[in-house]
Amino acid sequence: MRREGPKQAEISGYDLTLSGSDIPNAWILNWSDGAEGCETTVQVLGWSDLVHGSLEPSGLSLARGALKTAWLYVHSGALSAMFRLRRGPVWVSLYPYAVYLAWWSVVSLAVAAAWAMLVWYLALTVTAVLLILQGSAFRQLDQVAYARYLLSDYVFWARDEGAYPAPLATRLASFSDTVAASLTRDTWDEVMVVGHSSGACVAISVLAKARRSLGEGRPVSLLTLGQVVPMLSLLPKATQLRSDLHQLAMDQRLTWVDVTAPGDPCCFALCDPVAVSGAGPAGSMTMISAAFRKSLSPDRRRAMSWRFFRRHLQYLHAFDIPAHFDPYLTLAGPKHLSALAARPSSPARITGSVLPSAVEQ
């Protein structure tokens with residue numbers, strides 16, 4: 001926000017400044033176009049530390065978890081179901097597996113070469129040194145490859161076959177209390193919950209729980225960006241997420257806008273998260289394409305050609321031609337999310353259920 005907000009403001013012709021707030025983990029965005037202004041408090045509800053905390057120092061432990069996760073997706077039918085939606089995010093999800101396989105192949109070849117060229121006691125020493133150094137070397141490589149965190153993220157979400165892991169369930173309860181408290185504040189004219197990528201699952205369940213504690217009552221807004229909901233909702237025991245999806249789909253006082261882009265290979269672009277998960281009817285949200293081909297300059301697109309994860313983060317970066325989606329006007333501008341929701345959904349959206357028949361309801 002500090003870096004990209006002013007860029008978007010300059011492109012779009014408004015002013016945007018960021019300042020501190022008394023609320024923990026929060027900032028204040030001040031938006032103005034000269035004629036009118038708006039102040040928005042943005043509070044970050046972070047949970048990625050739980051994934052980092054789940055990282056095991058042993059590479060073998062992560063490998064076991066990765067194999068168990070792969071088997072779960074194949075055996076449950078979730079993998080083939082996701083292939084029927086979008087192939088891009090499925091292929092991208094295999095990327096960290098490929099990195100790990102390539103890395104251990106290199107290490108294995110180095111060990112084999114040592115044994116082929118040296119006597120056994122010297123080869124044993126070289127092998128021990130290689131195995132010790134490979135962990136440090138891989139961590140350096142992973143600063144660029146980003147494979148270890150991604151693989152740990154998959155293992156974290158799937159370790160209970162789609163049910164929320166206990167540490168995350170506790171965090172979700174705390175988040176829902178925060179959202180519920182925000183919904184009782186009369187000084188705020190709109191409360192918007194925003195979730196990006198797998199954070200969209202968090203946003204959905206947090207908002208659903210907050211609504212259950214308060215009743216529908218006050219109108220509320222939900223903005224999901226680059227969502228990967230099917231990666232969790234199609235798993236056998238993701239009953240809580242599917243229930244929350246159904247609840248929000250029936251919420252008459254909810255405004256839900258889902259923004260994705262076919263040019264983002266890490267998301268399930270234009271896939272209705274409620275309908276494809278078998279959790280309710282299609283059409284409970286407005287589905288908008290960020291249309292990277294039309295909203296980003298050719299130079300920007302070329303610069304991101306093979307940077308898949310950078311494209312996945314584009315939703316909070318400045319857009320060169322923000323006619324389709326302006327993230328900072330949406331987050332900090334004077335119009336409610338309902339103004340964006342009034343637009344027609346993309347005609348290319350996917351709305352058929354792919355929930356495997358064997359999945360627990």
Side-chain angles (χ1 to χ4, degrees), residues 73 76-93 162 193-205 207-208 211 220-236 238-294 312 315 324-325 330 337-361:
Y73 274 95
S76 68
L79 186 67
S80 60
M82 291 190 299
F83 259 119
R84 295 200 296 275
L85 292 175
R86 295 284 184 189
R87 296 189 176 187
V90 181
W91 289 123
V92 169
S93 71
V193 180
V194 184
H196 171 259
S197 191
S198 51
C201 299
V202 174
I204 288 163
S205 288
L207 183 54
R211 295 298 260 183
V220 67
S221 301
L222 173 63
L223 175 63
T224 47
L225 304 170
Q227 54 88 7
V228 293
V229 171
M231 288 199 74
L232 184 62
S233 66
L234 297 176
L235 290 177
T239 50
Q240 183 62 61
L241 177 57
R242 291 193 289 270
S243 175
D244 294 338
L245 285 164
H246 177 77
Q247 177 190 329
L248 294 186
M250 300 296 107
D251 192 331
Q252 298 299 311
R253 308 209 74 189
L254 170 68
T255 298
W256 185 351
V257 174
D258 181 66
V259 181
T260 53
D264 169 16
C266 301
C267 78
F268 284 88
L270 300 175
C271 295
D272 185 317
V274 174
V276 302
S277 305
S284 56
M285 71 205 70
T286 299
M287 303 184 66
I288 294 174
S289 172
F292 289 172
R293 285 186 177 275
K294 297 179 180 179
H312 191 46
Y315 306 97
H324 294 271
F325 178 62
T330 302
L337 190 65
S338 56
L340 189 60
R343 289 168 48 177
S345 289
S346 170
R349 64 192 185 279
I350 298 172
T351 58
S353 173
V354 295
L355 186 68
S357 57
V359 165
E360 176 185 337
Q361 296 296 320

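Residue indices begin at 1 and follow the sequence shown. Computed from a predicted model, the values in this text were never measured in an experiment.
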Side chains of [X] and [Y], heavy atoms from C-beta outward: is any pair under 4.5 Å?
X      : Y      : result
Ser76  : Pro236 : yes
Thr260 : Phe268 : no
Phe325 : Leu225 : yes
Arg253 : Val220 : no
Leu235 : Tyr73  : yes
Cys267 : His312 : yes
Arg86  : Met82  : no
Met285 : Leu254 : no

If I compare all heavy atoms of [X] with all of [Y], which pair ends up nearest, and what's the gap?
X      : Y      : result
Pro262 : Leu270 : CG-CD1, 4.3 Å
Gly226 : Asp264 : CA-OD2, 4.3 Å
Gly278 : Ser353 : CA-OG, 3.5 Å
Pro230 : Val276 : CG-CG2, 4.0 Å
Ser205 : Leu241 : OG-CD1, 4.0 Å
Asp272 : Val274 : OD1-N, 2.9 Å

Cut-off 3.5 Å, side chains only: do [X] and [Y] have a donor facing an acceptor?
X      : Y      : answer
His324 : Ser289 : no
Asp244 : Gln240 : yes
Trp256 : Thr224 : yes

So, taking the atom named [atom1] in [X] and the one named [atom2] in [Y], what distance separates them when rounded to the nearest 0.5 Å?
X      : Y      : atom1 : atom2 : value
Ile288 : Ser345 : CD1   : OG    : 7.0 Å
Ile350 : Met287 : CD1   : CE    : 8.0 Å
Ser277 : Leu245 : OG    : CG    : 5.5 Å
Gln227 : Ser233 : CD    : OG    : 8.5 Å
Leu85  : Met231 : CG    : CE    : 11.5 Å
Thr255 : Leu222 : OG1   : CG    : 9.5 Å

Exercise. Can Leu223 and Val259 be said to form a side chain to side chain contact (heavy atoms under 4.5 Å, CB included), step by step?
Worked result: CA-CA 8 Å; Leu223 175 63; Val259 181; 4.0 Å; yes
For this session: Without swapping roles, check the side chain of Asp258 against the backbone of Thr286 for a donor-acceptor pair under 3.5 Å.
Result: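 Answer holds: no.
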For this session: Please confirm whether the backbone N or O of Gly77 pairs with a side-chain atom of Ser80, one donor and one acceptor, at under 3.5 Å?
Result: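 Side chain of Ser80 to backbone of Gly77, a donor-acceptor pair under 3.5 Å: yes, one is there.
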For this session: Please say whether more than 12 non-hydrogen atoms of neighbouring residues, nucleotides or ligands are located less than 6.0 Å from CZ in Arg343.
Result: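 Count over threshold, so yes.
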Exercise. Within a radius of less than 6.0 Å around CZ of Arg87, do more than 12 heavy atoms belonging to other residues, nucleotides or ligands occur?
Worked result: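 No, CZ of Arg87 has 12 or fewer neighbouring heavy atoms, counting only those of other groups under 6.0 Å.
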